[in-house]
Amino acid sequence: ASMSAVNVLVIVNDPAYGSERAYNALRLAGQKVPDGYYHLDRMLSVVIHHGGEVACCGTCLDARALMAAMLVDGARRSTLEELTDWTLAADQTLVF
């Protein structure tokens, strides 16, 4: 019996630092904590390296004066329209 991949969408509604939500979301996605501490940039890089897509809310980036060049390589600015498309396409959605 062959197993097909499950398309899981993980939505993190929190800043990268200041709470544990982003860290816990990525741990649940199978990431190991590097060097005994959490470094979201490294954790996201592993997701991207393994074919995952990382998209950041454009409105949230603007509110924090973050530019695309400041994102982890492979991450990109996104829109609510794309989030809607991803939500409809996902087999499962996890929200943090």
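Side chains included, hydrogens not; waters and symmetry mates left out as well; all remaining heavy atoms used.
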Within a radius of less than 6.0 Å around CG of L88, do more than 12 heavy atoms belonging to other residues, nucleotides or ligands occur? yes
What is the distance from atom CG of D62 to atom CE of M67, rounded to the nearest 0.5 Å? 8.5 Å
E82 and R76, any side-chain heavy atoms less than 4.5 Å apart: yes
Given 3.5 Å as the limit, does a donor-acceptor pair link the side chain of D91 with the main chain of V8, or not? no
Surrounding CG of D73 (heavy atoms of other residues, nucleotides or ligands, distance under 6.0 Å), is the total greater than 12? no
Straight-line distance of L71 CG to D41 CG, nearest 0.5 Å: 11.5 Å
Answer with yes or no whether the hydrophobic clustering places L40 together with I48; edges join I, L, V, M, F, W, Y residues whose side-chain heavy atoms lie under 4.5 Å apart. yes
Should V95 and V12 be counted in the same cluster of Ile, Leu, Val, Met, Phe, Trp and Tyr side chains packed under 4.5 Å apart? no
In this structure, SG of C56 is separated from CE of M70 (nearest 0.5 Å) by 12.0 Å
Side-chain heavy-atom pair L83, L9 within 4.5 angstrom cut-off: yes
Between CG on residue L80 and SG on residue C57, distance to nearest 0.5 Å: 6.0 Å
Kindly work out whether a path of hydrophobic side-chain contacts (I/L/V/M/F/W/Y, heavy atoms less than 4.5 Å apart) joins V72 to V54. yes
State plainly whether one hydrophobic cluster holds both V47 and I11, where clusters connect Ile, Leu, Val, Met, Phe, Trp and Tyr through side-chain heavy atoms under 4.5 angstrom apart. no
